[in-house]
Amino acid sequence: MRTLKFYVEGQNLRKDSKSDFSGIIRGSRGYLQCSFSLSKEWANCKIAASFWRFDQEIDAAPVIGGNCTIPDNVTDYREFEVSLVGVRKGYRITTNRVRIEQEV
């Protein structure tokens, strides 16, 4: 399993500079996961990661304990984007999208 690490501060999602995003090969299955270090604004939220391509959401995955597995159909693309949404009673928070590039 390979983990891609991100920081989330409020609505700002960014790659962890200490995490290696190079050499990701497209087409893997059940191998890639995301780990999110979340700020206090995300406390007590149910969180989902959305995966995008060309401004269209192609899949989503629940974030449990700050982690989610990237859905298999997402890894077929040369590049895709990830964003987060969190909800709790009377509250909804979203992030920007971050691009992940994969090699052939």
Side-chain angles (χ1 to χ4, degrees):
M1 184 79 77
R2 181 171 179 180
T3 302
L4 306 176
K5 296 180 181 181
F6 298 86
Y7 285 111
V8 185
E9 183 65 40
Q11 294 185 290
N12 184 30
L13 174 66
R14 64 182 170 84
K15 293 177 181 177
D16 180 340
S17 61
K18 296 176 185 159
S19 185
D20 183 10
F21 283 81
S22 67
I24 302 169
I25 307 301
R26 70 181 180 184
S28 61
R29 300 285 183 263
Y31 173 68
L32 290 175
Q33 75 172 16
C34 295
S35 178
F36 302 98
S37 178
L38 301 158
S39 64
K40 64 182 180 197
E41 293 90 347
W42 294 82
N44 302 314
C45 286
K46 291 183 180 179
I47 303 169
S50 294
F51 297 91
W52 304 81
R53 186 163 193 275
F54 299 128
D55 285 331
Q56 297 217 23
E57 185 176 11
I58 51 177
D59 213 335
V63 176
I64 300 169
N67 300 300
C68 75
T69 299
I70 298 176
D72 291 345
N73 62 318
V74 173
T75 62
D76 288 337
Y77 299 107
R78 168 88 172 82
E79 61 184 45
F80 60 90
E81 295 175 317
V82 61
S83 66
L84 292 182
V85 63
V87 294
R88 64 180 186 243
K89 187 175 181 180
Y91 185 86
R92 183 176 193 271
I93 188 170
T94 60
T95 68
N96 56 297
R97 296 181 203 162
V98 173
R99 178 173 295 154
I100 298 171
E101 296 180 5
Q102 302 187 103
E103 298 176 14
V104 178

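Between Asp59 and Pro71, the shortest heavy-atom distance links the atoms OD2-CB, 3.3 Å. Nearest approach of Gly23 to Glu103, heavy atoms of both residues: CA-OE2, 3.4 Å. Of all heavy-atom pairs between Ile93 and Glu41, the closest is CD1-CB, 3.8 Å. Nearest approach of Ala49 to Cys68, heavy atoms of both residues: CB-SG, 3.8 Å. Between Trp42 and Arg88, the closest heavy-atom pair is C-NH1, 4.5 Å. Counting all heavy atoms, side chain and backbone alike, Arg2 lies closest to Asp20 at NH2-O, 2.8 Å.
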Got a list of side-chain donor-acceptor pairs under 3.5 Å for residues 3-14, not counting sequence neighbours?
residue : atom : partner : partner atom : Å
Thr3    : OG1  : Gln33   : NE2          : 3.0
Gln11   : NE2  : Thr94   : O            : 3.2

Report the C-alpha distance between Tyr31 and Thr75 in whole Å, list the side-chain angles of each, state the deciding distance to 0.1 Å, and finish with yes or no for side chain to side chain contact (heavy atoms under 4.5 Å, CB included). CA-CA 10 Å; Tyr31 173 68; Thr75 62; over 6 Å; no
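Annotation: the span from Asp16 atom CG to Phe21 atom CZ amounts to 7.0 Å, rounded to 0.5 Å. A distance of 6.5 Å separates CD1 of Ile47 from CG of Leu84, quoted to the nearest 0.5 Å. For the atom pair CG (Leu32) and CD1 (Ile100), the distance works out to 8.0 Å, reported to the nearest 0.5 Å. Atom CG of Asn96 sits about 8.0 Å away from atom OG of Ser83, to the nearest 0.5 Å.
Applying the salt bridge (Lys or Arg N to Asp or Glu O under 4.0 Å) rule to Arg26 yields no partners; only residues at least two apart in sequence or on another chain are considered.
The shortest side-chain heavy-atom distance between Ile58 and Tyr77 falls under the 4.5 Å cut-off.
Side chain of Tyr91 to main chain of Cys45: no donor-acceptor pair is present (N/O by atom type, distance under 3.5 Å, no hydrogens or angles).
Listed by first then second residue, pairs satisfying salt bridge (charged side-chain N to carboxylate O under 4.0 Å, His left out) with a partner in residues 67-87 read Arg29-Asp76, Glu79-Arg99, Glu81-Arg97, Glu81-Arg99, not counting sequence neighbours.
Gln102 pairs in a side chain to side chain contact (heavy atoms under 4.5 Å, CB included) with only one of the listed residues (Ile24, Val74, Ile25), which is Ile24.
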